[in-house]
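Notes follow the structure.
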Amino acid sequence: MKAVVITGASSGIGFEIARLLSKNYFVIGIGRNENNCAHAKELIYSENPGAKIEYFIADLVQQKEVNRVAYEIQTYLENNDILELYGLINNAGCVRSWYTTSEEGYEQQFALNHLAGFLLTYRLLPLIIKAKGRIIMTGSQSHKGIKICWDDIMLRKRYNPLTAYKQSKLCNILFAKGLNDRFTSAGIRAYVVDPGLVRTDIGNKQAGFLVNLIWSIRKKYGVSPEIPAKTYEFLLETNPAPKGLYYCSCNEKTYSRQVTSENADRLFLLSEKLSGISYDRLEC
Amino acid sequence: MNVMITGASGGLGRVMVAECAERGYNLFITDINQAGLLSLKQGLERQFKVCVAAKACDLTKAESVDELMSFIDMHGIRFDMLINVAGIDYEGGFLSIDREKIIKIIALNNEATLRITHDILLRRRPGKRFTLIFVSSLASLYPMPLKATYAASKRFLLDFALALRHELKNKDVSVLTLCPGGLVTTKEAIRGISAQGFWGNATTNSLEIVARKTIGYALQGKSLYIPGLLNKILSLLGRLIPRSWAAALIYLRWSKAQVKWLR
């Protein structure tokens, strides 16, 4: 049975992906809240008693938590004689009304929406390459109409929640592009899914009064998270691997002109520095 | 510029530290949370080209501070600025909080602040101007039922800082007191701000702006910084109306908010 790791898997889109994939995959979910994870696991078991699913608890905003959980997952897979990882879905994300930082002093939307996935992918990449697997980021249409603010990527000088969110989602596509530029030859593929407007609680969790209010109204018009989950399954299961980068409703979609190899390289360098890692020195 | 920051790995501390690093200052960061301190040091070194020294310390213990000072003396470090961020509050009315927690508020917010301020002032760089920053609170401006100990401890800092400013004026020391409204520093703080609804949101200040302006005003030699227009108006009102009235009004507001908050 192929194994898949999903971050932000206890609620929203991540949970629906876990639920859908648990029919055919060994699913490893990561969530921040122990109770929510236990509840999610219970729900999936109640529908499918034969499901293979395990949850790990980690607050991926903090880099040391990413490193810890990556190590725990590797050990867990080894102990269960699973020697490769077919899929990694970097889905965990947040919205913050105010400028807030991680323990490292990194702005939280950038830290969770981009850096956490960047570091987790690095830790698990040798296992993914073994499986010639696929890496999928949860992106957003909102990545368009913005450039990366290279001289102030944490937006300390001019923080705006929407700008920070949009920028982090542009980072997701740049990261996927950078991964494909570097590792397609090793047999892996990276994608970004635009889930569309989905009825989740992303704007209601520690987001702040105004974002909370706006999101509560806006999400009423969103679709159920089961719908975008199918696109993730499509990208994992279609063979040969789809050649595109950015998908919505199982179809390729156009993305921002900012998504160039030059910007992807620049983001790679910066993210490597901020995470204290180097993809070039990865032993696969 | 060599800067010492206490409570560095907390929400406000981290942003203050980043502001100083952005300005190219050398940093000595301390906090009771050793792991957080190391993460922060790593994050700073990856983002900025500055020199960062970090050492954990429990400022409420004299021996721990003595140890910190001998470390500083051993390395011959001398300072141009001290930012006193370390502070604590426990939510709930006086009788609903454990006795020792109440004492801890004073031990950290006041006693520990005096201890480190005294020691660092004795270790200022000779012949240079010294800048001293205290983090008080909007809560210092009136007596606050349900936050009585915290508000009084912040009042202590405000009065102490204003007095010390004059005492040290001809020693080329400038003293600034920061009195912010709500700051989005922890998950609890976010919950607290949300529980207060509109007013919580309106009196909340942006961390990164507060940090930038605090350092800027301190260097200009200002004595008091209350961020945000609404907070300035509230502080003015607090001075105009009798203190007992202010306390009664605040009790009305907080008793409602806290029920929601502590739920």
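First the proteins, then the strands, lettered A, B, ... as listed; each starts at 1.
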Return yes when atom [atom1] of [X] has more than 12 non-hydrogen atoms of other residues, nucleotides or ligands closer than 6.0 Å, and no otherwise.
| X | atom1 | answer |
| --- | --- | --- |
| Glu262(A) | CD | no |
| Tyr76(A) | OH | yes |
| Tyr71(A) | OH | no |
| Lys232(B) | NZ | yes |
| Lys55(B) | NZ | yes |
| Arg158(A) | CZ | no |

- Query: Can you tell me how far CG of Leu183(B) sits from OG1 of Thr100(A), rounded to the nearest 0.5 angstrom?
  - Reply: 12.5 Å

- Between atom CD of Glu19(B) and atom CZ of Arg156(A), what is the distance when rounded to the nearest 0.5 Å? 7.5 Å

- Begin with the C-alpha distance, continue with both residues' side-chain angles, and end with the deciding distance and a verdict on side-chain contact (heavy atoms from CB on, under 4.5 Å) for Gln42(B) and Gln63(A). CA-CA 11 Å; Gln42(B) 210 166 46; Gln63(A) 293 203 325; 5.9 Å; no

- Item | Test log, rule side-chain contact (heavy atoms from CB on, under 4.5 Å), inputs Lys64(A) and Ser39(B) | CA-CA 8 Å; Lys64(A) 67 169 186 244; Ser39(B) 293; 4.0 Å; yes

- Tightest non-hydrogen contact, residues Val15(B) and Tyr99(A), listed as CG2-CE2, 3.9 Å

- Note on the structure: Note: Tyr106(A) and Gly43(B) closest approach over all heavy atoms is OH-CA, 3.5 Å

- Part of Ser9(B) within contact of chain A (heavy atom distance under 4.5 Å):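 For Ser9(B), neither part sits under 4.5 Å from chain A.
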
- Query: Contact part of Glu45(B) toward chain A, heavy-atom cut-off under 4.5 Å: side chain, backbone, both or neither?
  - Reply: neither

- Message: Less than 4.0 angstrom from a charged side-chain N to a carboxylate O is my criterion; do Arg46(B) and Glu104(A) meet it?
- Response: no

- Message: Measuring only between side-chain heavy atoms, which start at C-beta, is Glu208(B) closer than 4.5 Å to Glu107(A)?
- Response: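 With C-beta onward as the side chain, the pair stays apart.
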
- Task: Answer yes or no: is there a donor N or O on one side and an acceptor on the other, between the side chain of Arg14(B) and the main chain of Ser102(A), under 3.5 Å?
- Result: yes

- Task: Against chain B, label Gln62(A) side chain, backbone, both or neither, depending on which of its atoms sit under 4.5 Å from a heavy atom there.
- Result: neither

